[in-house]
Every structure is written in C-alpha cells, then in structure tokens.
Participant: 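The structure that follows is given in the form of structure tokens.
In this text the structure is predicted, and so the values were computed from the model without any measurement.
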Amino acid sequence: MAKAGSCLFRIGYFIYAKTRIGYYYHQNDIKKAKEKLGNSGHSELTEFNFGALSILPIPMLLDNYAYLVTDAKNNKSVLIDPGHSEATQKVLSQRNIRPDAILVTHKHWDHSGGNRELRQHFPNIPVYGGSLDNVPDSTHVISDQQILEFGDLKFRVIFTPGHTVGHVVYVLDGSVFAAADSLFSGDCLFLGGCGRIFETAPSIMLHSLDKLMSLNEDTLLWPGHEYAKDNLNFASVLEPDNSTLQKKFEWVLSQRENNLCTCPSTMREEKAYNPFLRTSEKAVLQSIGMVDSGDFTKPTDDIRSRALSLIREQKDKFKYKL
C-alpha cells in the first residue's frame, strides 16, 4: 500500500509540476482559496519601508506570498513569485505601479502561475527563472551568482536545489538603502521551516540551506508561504526548552490571531530556532533519536543529511497541537 501511494504521488506530482495540466489544478486551488477566504486574503496587506526601499508581501491563495519590491528613488519595481495574477494586478492598480521585471524562485504554479497573464498585461516585462527549472512563461534564464539590477535594486541569484532541481533564491543588496540585505527564499526556507524535498536527495537540500546559513545574520527572510505558526509549533515539540523559540512562537500566535503576516524574520533568528538549520545541534539530534545524552561530537554532513530527512519526514506527518 505504501509503495502504491508513493507511486500515485509521483505521478500526481509529475502532472502538476511538469505539465501544463498543473495550471488547471492551480486554478482550482485559486477558486478554493476564494471560497474559503473571500477577498480578504490570508493576511492583512502590510508594507515595510526602508528609506526609498519598500517591500510589500502580497497574500494570495491559502498561504502564499508574492512580493512587490520598489525603489522609490528611481521608480523601479520588481515582482517576486506572482502565483496569482488577479491578486497581484489588484495591488499594482491600487498603487499605479508598472513592474519592471518578474523574478521567480521555482516552477511550481503557486509561484509562477501568474506569469502568463501578467505578460499579457505588461507585454515587454522580462520574467526570470532558474536554468534547470523550466519556469512557465519565463523569458530569461538565470544562473548561480548572477546579478540582476533595476535602478538601485540589485539582486544576487543563489542556486538552491532541493525543493525542485532548479530552485533559486534572490538576495537584495540593502546597503544602498542603508538597510539589511533581504532574502526572498521561495520554498527553500521558511520562518521556522524549509520546503519539502521533492526532486533531490536530502544532502542537496542540506547544501542549499548551508549556503543560506552563510549569509549575513542580519539578512531579512521573506519566505514564499505563511507557515510560521505550524512550523514553530512543530519546532517547539522538538525543542521544548528553547526559550528563544518559545518567545517567537508566542509572537507568531499573536500575529496570526490578528491576521498579520509574520515576515520578515532574520537569519540570526532562524539559526536559533529553525530545526532544519539546526541539524548540528545536540538537542535537535537527541529529539529525533539520532544521539543519546552522552558525549557529543560535531556531526558529519552525512549525519546532518539523515537528520534533515528525518525532521522533514516528521514535519510532513505533524498535526498542529497546543
């Protein structure tokens, strides 16, 4: 039965992720989200300003975020992961903004499904996607460490396979705005979590997460989904004595009670409570049964990969509890 279920999942995933049929599944997901949430969305629209830089998370579907990043000085704007064109265009119309580019982290329709309609509305807009992911309706293929510039908006591409084979993230240089850098992480890294490992080995995802761990600790994290409440609930079960985690979880609960977004966090925060970034920590390895209470030595990358896989497996089966 388990093998049959796994086979059906692989077939379903292939249809969703690698064929145009997935677009129609995506449209059904949009319909379900509208029926459940109406026009209000899963979170209040909240803009974050850093001098001439503004970052606006755009809630869409049941828990996705697209991002509108604007350089007011040079009148340049970039969209990131506009999975739903209607929700995106509503915000653009309200603010009278004509975007200069679309940056896409990966091929999944909830991140790329708005590309075609947005290109019809803005015929000359470039759409950037990773070289290995075949992002729907993309016009420009990008590679690791490439720099994309729009006015004072300077994004560095980092290749982060794991969730998909061609997933990328974008790091915005905040220095020109006297601000911290910003990481737009798609489905590689979330507040308190990471994406499911669909298309690679866990060791590949571990390497991608380690790349993000090397970023400046003040880097702001802007994830692709509003998953913080569930992620930190799971993390608090793994590390019940982590006071930093418990404090953050309480804050997240307060935010979500008021329908407010939980981004951004920082890489410093994530290192302190995100179990997927803590595969070298004794408390986490003990919790998943990989080490005992005796002497502890720094784990190898092989052990960390197995830990990441086990944490991901436990998270996939986890049910929210308080």
Participant: So D187 and T105, do their side chains get closer than 4.5 Å, heavy atoms only?
Facilitator: no
Participant: With a 6.0 Å cut-off on the ring centroids, do H111 and H225 count as close?
Facilitator: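 Yes, close enough.
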Participant: Measure from the ring center of Y16 to the ring center of Y25 and say whether it is less than 6.0 Å.
Facilitator: no
Participant: If you apply the rule side chain to side chain donor-acceptor pair (under 3.5 Å), what do you find for E239 with S287, and how did you get there?
Facilitator: CA-CA 7 Å; E239 285 195 272; S287 182; over 6 Å; no
Participant: Please determine whether side-chain contact (heavy atoms from CB on, under 4.5 Å) holds for the pair K18 and K107, giving the CA-CA distance in whole Å, both sets of side-chain angles, and the decisive distance to 0.1 Å.
Facilitator: CA-CA 8 Å; K18 300 185 179 182; K107 64 194 171 193; 3.8 Å; yes
Participant: Could you give me the CA-CA distance, side-chain angles and deciding distance for R256 and S43, then say whether side chain to side chain donor-acceptor pair (under 3.5 Å) is met?
Facilitator: CA-CA 8 Å; R256 296 312 297 157; S43 301; 2.9 Å; yes
Participant: Are more than 12 heavy atoms from other residues, nucleotides or ligands located less than 6.0 Å from atom CG of N134?
Facilitator: no
Participant: Restricting to non-hydrogen atoms, name the atom on P275 and the atom on I311 that form the minimum distance, rounded to 0.1 Å.
Facilitator: O-CD1, 3.7 Å
Participant: Where is the tightest heavy-atom contact between F50 and I55, given as atom of each residue plus distance?
Facilitator: CE1-CD1, 4.1 Å
Participant: On a heavy-atom basis, which atom in D100 and which in P126 lie closest, and how many Å separate them?
Facilitator: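 Result for this residue pair: O-CD, 3.2 Å.
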Participant: Is there a path of hydrophobic side-chain contacts, each under 4.5 Å between heavy atoms of I, L, V, M, F, W or Y residues, that connects V91 with F122?
Facilitator: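 Same cluster.
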Participant: Around Y13, counting heavy atoms of other residues, nucleotides and ligands shown, do more than 12 lie under 6.0 Å from its OH?
Facilitator: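 Count over threshold, so yes.
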Participant: Does a side-chain heavy-atom distance below 4.5 Å link P82 with L118?
Facilitator: yes
Participant: Would you indicate whether the side-chain heavy atoms of V284 and T279 approach each other to under 4.5 Å?
Facilitator: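 In short, these two side chains do not touch, never coming nearer than 4.5 Å.
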Participant: What's the verdict on side-chain contact (heavy atoms from CB on, under 4.5 Å) for L172 and Y170, showing C-alpha distance, side-chain angles and the deciding distance?
Facilitator: CA-CA 6 Å; L172 174 66; Y170 301 93; over 6 Å; no
Participant: Quick one, L53 with V69, criterion side-chain contact (heavy atoms from CB on, under 4.5 Å). Give me CA distance, side-chain angles, the key distance, then yes/no.
Facilitator: CA-CA 7 Å; L53 170 67; V69 185; 3.8 Å; yes
Participant: Within the supplied structure, the quantity of interest is the number of heavy atoms (other residues, nucleotides, ligands) at a distance under 6.0 Å from N75 CG; does it exceed 12?
Facilitator: no
Participant: For E47 and S54, test the side chains for any donor-to-acceptor distance below 3.5 angstrom and give the result as yes or no.
Facilitator: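 Indeed, the side chains of E47 and S54 share at least one donor-acceptor pair under 3.5 Å.
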Participant: Please answer: with hydrophobic residues joined when any side-chain heavy atoms are less than 4.5 Å apart, are L209 and M290 in the same cluster?
Facilitator: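 Yes, one cluster joins them.
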Participant: Please test D181 against R156 for salt bridge (Lys or Arg N to Asp or Glu O under 4.0 Å), starting from the C-alpha separation and ending with a verdict.
Facilitator: CA-CA 10 Å; D181 292 348; R156 177 164 61 100; over 6 Å; no
Participant: In this structure, are over 12 heavy atoms from other groups packed under 6.0 Å from K271 atom NZ?
Facilitator: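 Counting other residues, nucleotides and ligands, NZ of K271 exceeds 12 neighbours.
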Participant: Think R196 forms a cation-pi with F198, using NZ or CZ under 6.0 Å from the six-ring centre and within 45 degrees of its axis?
Facilitator: no
Participant: Hey, what do you get for CG (D29) to CG (L61), rounding to the nearest 0.5 Å?
Facilitator: 6.5 Å
Participant: Any link between I197 and I303 through a network of hydrophobic side chains (Ile, Leu, Val, Met, Phe, Trp, Tyr) touching at under 4.5 Å?
Facilitator: yes
Participant: Flag the pair F177 / S182 as yes when at least one side-chain heavy-atom distance between them is below 4.5 Å, and no otherwise.
Facilitator: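 Not in contact.
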Participant: So do F150 and N74 actually touch side chain to side chain, heavy atoms under 4.5 Å?
Facilitator: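 Side chain of N74 against side chain of F150, heavy atoms only: no contact under 4.5 Å found.
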Participant: What I'd like to find out is whether the side chain of C263 reaches to under 4.5 Å of the side chain of P223, using heavy atoms alone.
Facilitator: yes
Participant: Side-chain contact test, heavy atoms from C-beta onward, threshold under 4.5 Å: evaluate it for L238 versus Q314 and give yes or no.
Facilitator: yes
Participant: Give me the atom names and distance for the closest heavy-atom approach of M60 to G83.
Facilitator: SD-N, 3.5 Å
Participant: For F14, does the CZ atom have more than 12 heavy-atom neighbours from other residues, nucleotides or ligands under 6.0 Å away?
Facilitator: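 Not buried by this count: 12 neighbours or fewer within 6.0 Å.
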Participant: Can Y65 and H42 be said to form a ring pair (Phe, Tyr, Trp, His ring centres under 6.0 Å), step by step?
Facilitator: CA-CA 10 Å; Y65 285 119; H42 60 75; 5.0 Å; yes
Participant: May I ask you to say whether R20 pairs ionically with D137, meaning some side-chain N is under 4.0 Å from a carboxylate O?
Facilitator: yes
Participant: Enter the distance from K319:NZ to D230:CG here, rounded to the nearest 0.5 Å.
Facilitator: 9.5 Å
Participant: Can you tell me how far apart CZ (R278) and CG (N242) are? Round to the nearest 0.5 Å.
Facilitator: 5.5 Å
Participant: Give a yes or no on whether V104 and L68 share a hydrophobic cluster (residues Ile, Leu, Val, Met, Phe, Trp, Tyr; joining criterion: side-chain heavy atoms under 4.5 Å apart).
Facilitator: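 V104 and L68: one cluster.
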Participant: Near K154 NZ, under 6.0 Å, is it more than 12 heavy atoms from other residues, nucleotides or ligands?
Facilitator: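 No - once you tally the heavy atoms of other residues, nucleotides and ligands closer than 6.0 Å, there are 12 at most.
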Participant: Quick one: does K317's side chain get under 4.5 Å of E313's, heavy atoms only?
Facilitator: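 Side-chain contact under 4.5 Å: yes.
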Participant: Assess, by modelled atom type and distance only, whether the side chains of S236 and Q246 contain a donor and an acceptor separated by less than 3.5 Å.
Facilitator: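 On atom types as modelled, these side chains do not qualify, holding no pair under 3.5 Å.
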Participant: Is a donor from one side chain sitting under 3.5 angstrom from an acceptor on the other, for D173 and S175?
Facilitator: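 A donor-acceptor contact under 3.5 Å links the two side chains.
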Participant: Apply the test side-chain contact (heavy atoms from CB on, under 4.5 Å) to residues F276 and M205: give CA-CA distance (whole Å), side-chain angles for both, the deciding distance (0.1 Å), then the verdict.
Facilitator: CA-CA 10 Å; F276 297 94; M205 177 64 101; over 6 Å; no
Participant: Evaluate the ring planes of H163 and H106, with Trp represented by its six-membered ring, and classify them as parallel (under 30°), tilted (30 to 60°) or perpendicular (over 60°).
Facilitator: perpendicular
